[in-house]
Amino acid sequence: MTPLVPILVVPTAAGLLCLLLHSRRAMALANGLAFTVTLGLSVWLLLAMRPGPQVVTECNEFFRADALSAWMALLISVVSLGSSIYAGRYFQRDLAAGAVTPGRVKEFYVLTPLFGAGMFLVVLANNLGVMWLALEATALSSVLLVALYNRSTSLEAAWKYVILGSLGLALALFGTVFTYAAAIDQQSAVELPSFNWSHLMSISGQLNPHMIKLAFVFVLVGYGTKAGLAPMHNWLPDAHSEAPSPTSAMLSGVSLKVALYALVRFHILTTASLGTSFSQTLLLVFGVTSMCVAAPFILVQSNLKRLLAYSSLEHVGLICAGIGLNSRITIFGALLHMGYHALAKPVLFFAAGNLHQTCHTLQLRRIGPGMARVLLLTAFCLGLAGVAAVGLPPFGLFFSEILVLSGGFAAGHLTATVLLLVAILASFCGLLYQFARILPGEPKVARRSVPAPLAGAPAMLLLLGALLVFSVWLPAPLLEVIRQATDIIGGAP
Amino acid sequence: MKPLNPEFASQWITLLATGMLVVQLLMVVQRMLLTNIRLFALQSLMLAGIAVIIAFSHAHAAHVYWVAGLTLVGKVFFLPWLLSRQVRRIQMEHEIAPLLNASASMLLCGAFTLLGYIVARPFTSLARLGNNTLGVAVTLLLTGFFLMVNRRKALTQVLALLTVENGVMLAAVALTTYGMPLVVELGIFFDLMVAVMVLGLLVYRIRETFSSMDVSKLSQLKG
């Protein structure tokens with residue numbers, strides 16, 4: 001008995017069940033329950049990874065989970081659970097304010113579990129073609145979530161997202177086809193070879209090197225678009241800022257990393273097949289570029305959620321660069337960074353959602369100073385999570401950034417690491433400056449009393465608490481899984 | 001039934017792939033929406049034809065009949081029907097002036113074709129079926145992108161995306177002899193159907209909100 005199939009079935013069933021339900025409360029409950037169950041199953045999967053390198057397979061190796069998949073599955077369930085907890089009251093307030101219709105809220109509760117299930121399938125599928133399908137499914141289920149408010153701007157964001165995403169995924173499919181062709185070449189052309197990642201890894205030495213190279217370039221541009229890497233990131237700030245806050249949290253918190261995960265699978269295969277630093281150099285270049293592109297936009301940003309979106313771009317760039325630096329310590333740092341970022345970023349988006357509902361704007365200038373007096377709890381969480389996101393101790397993002405940077409210097413990638421450091425410092429200044437504009441000071445008179453001072457408290461405090469706890473204490477199974485995942489990525493030269 | 005002579009089959013595939021390229025170039029210069037949709041259907045029909053020839057001429061390729069059948073049902077009949085119904089309902093038959101005029105776009109697409117063949121050249125010995133299929137596939141990809149940038153009607157962008165998809169499917173059969181495993185092919189098919197429906201829904205909402213399908217009006221989000 002393994003948890004792979006249940007992890008996929010439970011959220012899918014919850015999504016379909018919400019199609020039949022009418023009460024908003026029941027739908028919220030179904031979502032919350034489903035993601036609680038998947039969190040339990042993910043922890044189970046995590047524990048199944050001990051001792052030593054373990055691989056869990058199911059359905060004749062159709063589903064396969066190693067430590068890397070288990071780690072990703074855990075992140076997906078944590079962020080999804082957090083945003084489903086936050087979503088209940090958030091939409092209640094939105095409905096009361098007339099910002100959405102009940103039909104749209106139902107759309108949210110149907111699509112969000114399907115979005116989650118799609119992400120689970122990405123990390124649990126063994127077949128690279130199925131992995132592509134699952135990523136496309138996440139894109140299609142989330143695009144309607146981005147367009148949920150039906151404002152002209154959200155439609156624009158959704159359109160950009162779906163067109164750029166589909167183009168990117170078409171390129172990724174092209175790369176996937178190339179990878180398959182590289183495998184076919186080495187086999188008798190009579191029978192169809194397996195398209196499983198594990199099978200391709202086992203024959204990685206015999207794959208056609210030219211095709212694998214070309215395939216990786218296509219996959220990098222394709223999945224890189226979905227992961228928001230610069231210069232294919234144009235859709236990212238739009239989609240993340242126009243989506244409802246629970247969806248922004250899922251998009252920023254995990255969806256980007258799930259796309260990155262797909263890219264990393266191809267990176268592992270390419271490195272194993274070519275035995276060179278071809279793919280890691282490309283990852284490093286794209287990672288550094290993303291960070292350098294994000295930093296100036298953070299410094300001059302005028303919209304709170306776009307600010308957070310660019311900060312996600314920066315963090316994804318750091319993760320990508322950490323994997324590209326390809327020493328054990330940087331990969332470990334990058335994986336750890338994924339986890340901490342997945343805990344911090346949703347809190348920021350939840351707080352931004354509260355500010356949006358209170359001030360009816362996301363423009364930093366119009367939110368104005370003094371939010372710490374108006375919305376104490378929200379400002380507290382925004383401040384703490386902001387401090388975490390810029391990478392200050394005692395939060396874990398500080399340690400993971402230090403790991404990536406020191407590993408980069410140790411591996412001798414001087415230029416790249418200095419660029420990373422500069423970009424981190426620039427966005428550090430940018431984020432702190434922007435938060436200083438809205439949090440301290442004297443509030444505008446009109447905002448002295450607010451309807452929901454404790455809005456979103458459970459979700460924000462839960463994630464923030466987890467971030468604090470895991471920053472100072474990593475349980476042994478968790479550490480073991482990250483170590484194993486590091487081995488999987490950095491196993492080859 | 002005796003399998004086709006491989007030489008003969010390969011020539012037919014080459015011919016049909018060239019046909020797909022010609023249709024693509026026609027789409028680049030054609031501004032009537034309905035004609036564009038019919039051209040796409042024709043292109044998909046040629047793709048289905050290639051799949052039938054492969055299934056017919058290879059002993060172990062029976063599942064490629066599935067690919068052919070799905071392409072026929074989905075891309076030749078269903079999607080064109082869906083899209084042209086939307087065009088009729090909107091009563092918007094002309095594409096507004098593209099960014100580049102017809103002759104300039106034709107010239108550019110010629111360059112793309114050249115580029116496609118150059119990219120594909122190292123692999124022509126690997127493309128076992130028809131020696132131009134991979135070149136055509138890459139060209140379809142590039143011109144599809146160009147079509148998407150050059151046109152401003154949301155519906156034409158959907159159509160451009162579909163031609164890119166045709167290019168990928170052509171590459172799949174060209175490079176791998178038999179196409180992808182059946183589960184992936186089926187998945188891609190249903191995915192495409194859902195994608196077009198989602199896009200159609202968005203087009204509808206965009207039209208309601210902006211009272212236009214001109215995507216160049218979608219330009220409020222910056223920075």
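By convention in this document, chain letters (A, B, ...) are assigned in the order of the sequence lines, proteins followed by strands, and residues within each chain are numbered from 1. Treat the numbers as computed from the prediction; the structure is a model and nothing was measured.
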Q: Under 4.5 Å, counting heavy-atom pairs only, tell me which of A:Lys160, A:His210, A:Glu242, A:Arg104 racks up the most with chain B.
A: A:Arg104
Q. Would you find more than 12 non-hydrogen atoms of other residues, nucleotides or ligands less than 6.0 Å from B:Tyr204 atom OH?
A. no
Q.
If you define the side chain from C-beta out and look only at heavy atoms, does anything of A:Leu173 sit under 4.5 Å from B:Glu165?
A. yes
**Q.** Minimum-distance pair of heavy atoms, taken over all atoms of B:Val168 and A:Ala170
**A.** CG2-O, 3.7 Å
Q: Against chain B, work out which of A:Leu167, A:Thr176, A:Asp238 has the most heavy-atom pairs shorter than 4.5 Å and name it.
A: A:Leu167
(Q) If we define contacts as heavy-atom pairs under 4.5 Å, which of A:Val300, A:Asn234, A:Ile163 has the most with chain B? (A) A:Ile163
Q: Pick one of side chain, backbone, both or neither for A:Leu171, based on which atoms fall under 4.5 Å of a heavy atom in chain B.
A: side chain
**Q.** For A:Tyr310, all residues meeting ring pair (Phe, Tyr, Trp, His ring centres under 6.0 Å), sequence neighbours excluded
**A.** A:Phe297
Q: Check side-chain contact (heavy atoms from CB on, under 4.5 Å) between A:Ser427 and all other residues, then give those that pass, not counting sequence neighbours.
A: A:Ile298, A:Glu314
Q: Identify which of B:Asp191, B:Ile206, B:Val198 forms the greatest number of heavy-atom pairs closer than 4.5 Å to chain A.
A: B:Asp191
Q. Of the backbone (N, CA, C, O) and the side chain (C-beta and beyond), which part of A:Asn303 lies under 4.5 Å from a heavy atom of chain B, both, or neither?
A. neither
Q | Portion of B:Leu161 that has a non-hydrogen atom of chain A nearer than 4.5 angstrom | A | side chain
Q. Taking all non-hydrogen atoms of both residues, which atom of A:Glu136 and which atom of B:Ala195 are closest, and how far apart?
A. OE2-CB, 4.1 Å
Q. What's the spacing between B:Glu208 CD and A:Ser152 OG if we round to 0.5 Å?
A. 13.5 Å
(Q) Can you tell me which portion of B:Ala160 sits under 4.5 Å from chain A's heavy atoms? Options are side chain, backbone, both or neither. (A) neither
Q. Would you say the side chain of B:Ile188 lies within less than 4.5 Å of the side chain of A:Trp132, judging by non-hydrogen atoms?
A. yes
Q. Measuring from B:Leu202:CG to A:Tyr161:OH, what's the distance to the nearest 0.5 Å?
A. 12.0 Å
Q: Using the side-chain contact (heavy atoms from CB on, under 4.5 Å) rule, take B:Val138 and A:Phe174 through it: C-alpha gap first, then chi angles, then the decisive distance, then the call.
A: CA-CA 9 Å; B:Val138 177; A:Phe174 209 67; 3.9 Å; yes
Q: Quick one: pull up OG1 in B:Thr209 and CZ in A:Arg151 and give me the separation to the nearest 0.5 Å.
A: 11.5 Å
Q: Can you establish whether the number of heavy atoms outside A:Lys106 located under 6.0 Å from its atom NZ is more than 12?
A: yes
Q | Proximity breakdown for A:Ala157 and chain B, heavy-atom pairs closer than 4.5 Å | A | both
**Q.** Heavy-atom side-chain proximity of A:Leu128 to B:Val184 below 4.5 angstrom
**A.** no
Q: Enter the distance from A:Leu155:CG to B:Arg207:CZ here, rounded to the nearest 0.5 Å.
A: 13.5 Å
Q) Which value, rounded to the nearest 0.5 Å, describes the distance between B:Leu199 atom CG and A:Trp159 atom CH2? A) 5.0 Å
Q: Counting only heavy atoms closer than 4.5 Å, note whether B:Leu141 contacts chain A via side chain, backbone, both or neither.
A: side chain
Q: State, with a plain yes or no, whether a side-chain heavy atom of A:Leu164 is found less than 4.5 Å away from one of B:Met148.
A: no
Q: To the nearest 0.5 angstrom, please state how far the CE atom of B:Met197 sits from the CG atom of A:Leu140.
A: 11.5 Å
